[in-house]
Amino acid sequence: KISVTINGIQLEVEPGKTILEAANEAGMIIPTLCYHKDLCIAGNCRVCVVEVTGQKRLAAACATPCEEEMEILTNSLKVRNSRKHIIELLLSEHNADCTKCYKNGNCELQELASEYKIMTQDFLRLAPLKNYTIDQFSPSIIKDDSKCIRCQRCVRTCAELQGVNALTVAYKGDEMKIATFFEKAMNDVVCTNCGQCVNHCPTGALVERNYIEEVWDAIADPDKHVVVQTAPAVRVGLGEELGLEAGERVTGRMVSSLKRLGFNSVLDTDFTADLTIIEEGTELLHRLKKALAEEDQSVKLPMATSCSPGWIKYIEHMYPELLDNLSSCKSPQQMFGALAKTYYAKARKIDPDKIISVSIMPCTAKKFEADRPEMHDSGFRDVDYVLTTRELAIMIKQAGIDFKKLPDAKFDRLMGESTGAAVLFGATGGVMEAALRTAYELVTGREVPFENLDITPVRGMEGVKEASVLIEKPLDEWAFLDGIELKCAVAHGLVNAKKVMDAVKEGTSDYHFIEIMACPGGCLGGGGQPIPTNPEIRQKRAEAIYAEDGGMPLRKSHENPEVLKIYQDFLGQPLGEKSHHLLHTKYTG
Ligand code: HC0
């Protein structure tokens, strides 16, 4: 350990710790803007400057490691004045129409301006706003350059977490801006709509395209029947946006709030997550049979999950030659949408034309997915509006609902019943774990050989995880699998997806099944989740997902009674004609 003094207090810190980390751990808060725990250090905003005794220039706390005997002041007059000037300069180039900004009340620059009581206009006329662009062409993301402070968090996010590089720094000096390739619209470049840039932006420069008013209008229309589905990861994130601790499970209160908002039926994406496992698991077994027992070379392995729309857009852009490796299953959101206007409409005797289908997702790419031309198999647009976890929280606040005091409520039926396997979808490795619980049992007639059904090798935050399950003594139908070690890989964050897909492309992978989720941590770390999202918060949400699974009476998708019922009453059999039409698709890039 090394010894440093911060604001007169002597501290022992680990070598390599930055001044920012050491101060924060000791309860001394230093403001930041360009810094984010998920990203490499940039040190470009200078808001975190501190005074180091003996040094003429102020140092950026985020980028300066502690040194033995260092004496640091985080709140001297020089520091305060300097910080204030920096904030004033940032504001001078910022379109500070705060009351009309979507990020009003949740903007880091606004918070700093408020803390430092920036009331002068010293710089406001020196740097008038230049011509700027507001890009509203994407169904998921709005990019407003007038709000950008050029901290480059979005650029680092897109490069480091996602390896997509849709955003970059263009031009120099006061012309400098964050731009796409040739300044095209986000919708026309390699952007996957994952929204990680939105989640990491400190201001209103990158926000989700919101559909709050459209949903209020639908709820108010007496001629419409508005159904809402909630994604697995929303129940472990929503509370944060409403004053609760990270990782607090709020499933019952979330359902209660949706009922109070006026939705006609509050249903669960988890139901179709269970259904996905039946369809996808069956598809995997069929592929294995063709490839291994019939030696059909046309069958592509490994089969890759297809439920994360950011991942789908990524493979379309980056590995179009591997599109046949994707499972043909639509995502649970889209399966739900197609069934809401067919199966549900029929069973509840409602004209599908009158159904408005809304989904609450931790994801901005889900807005893009619902907008895809492939997603009209019910004869209508299958999912009408997608709201993020954050948008739902806004509606709850607008409605004057005191979320903390809400009683728990239960999902409605049909399409509201689910198992623990389905909720796992919200965490990286969850689809794999759910699929293995079912596929192993279908093949062998026995439960998957992991204690308490917890397939721990696919859990955790490692970028790429591997697991294998030895199949022994399968049922007669699956005899060809006897002695086969089923090999699986799980990747989250597109930078990790690249590692797995490069191996698949080069033919050096021997996996049978891979799960890829676009966002770090899986959906629980989605671009539509509460801000901030960072490694500790993702960890807490993941623990909540596993606790939710552990507490469910049913924990295997094939045991979901409503899933059994839909096959009996409507779909017939997995991969049958109706399933094929409503629940499967082919992405062609
Ligand atoms: Fe996900 Fe999903 S698990 S993608 O992360 O598969 O967004 O939560 O809703 O559709 O179920 C997101 C989360 C979903 C879907 C499910 C899958």
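The first residue in the sequence is number 1, and the count goes up from there. Atoms within each ligand, like the ligands themselves, are counted from 1 in listed order.
Near Ala273, with a cut-off below 4.0 Å to any heavy atom, the atoms of ligand 1 are 11 (O).
Among protein heavy atoms, atom 8 (O) of ligand 1 sits closest to Ala233 N, 2.9 Å. Of the protein's non-hydrogen atoms, Ala231 CB, 3.0 Å is the one closest to atom 9 (O) of ligand 1. The closest protein non-hydrogen atom to atom 16 (C) of ligand 1 is Pro332 CG, 3.4 Å. The closest protein non-hydrogen atom to atom 3 (S) of ligand 1 is Phe425 O, 3.3 Å. The protein non-hydrogen atom at the shortest distance from atom 1 (Fe) of ligand 1 is Cys523 SG, 2.3 Å.
Both tests pass for Lys313 against the ring of Phe368: distance under 6.0 Å to the centre and angle within 45° of the axis.
Counted by atom type alone, Tyr344 and Ser265 present one or more donor-acceptor pairs between their side chains at under 3.5 Å. Donor-acceptor pairing under 3.5 Å is lacking for the side chains of Lys578 and Thr342. Remark: the Tyr511 side chain and the Glu466 side chain contain an N/O donor-acceptor pair separated by less than 3.5 Å. A donor atom on one side chain and an acceptor atom on the other are not found under 3.5 Å apart for Lys103 and Asn106. The closest side-chain donor-acceptor pair between Thr388 and Glu208 falls under 3.5 angstrom.
With a 4.0 Å cut-off on non-hydrogen atoms, Gln333 touches ligand 1 through its backbone as well as its side chain.
With hydrogens and angles ignored, the 3.5 Å screen pairs a side-chain donor or acceptor of Ser256 with a backbone N or O of Pro407.
Polar contact with ligand 1: absent for Met361 (N/O pair, distance under 3.5 Å). When only interatomic distances are considered, the shortest N/O to N/O separation between Lys366 and ligand 1 falls below 3.5 Å.
The minimum heavy-atom distance linking Pro530 with Thr389 is given by the pair CD-CG2, 4.0 Å.
For Pro232, the closest heavy-atom approach to ligand 1 falls below 4.0 Å. Residue contact check for ligand 1: Pro362 places a non-hydrogen atom closer than 4.0 Å to it.
For atom 1 (Fe) of ligand 1, the set of nearby N, O or S atoms under 2.8 Å includes none belonging to Cys307.
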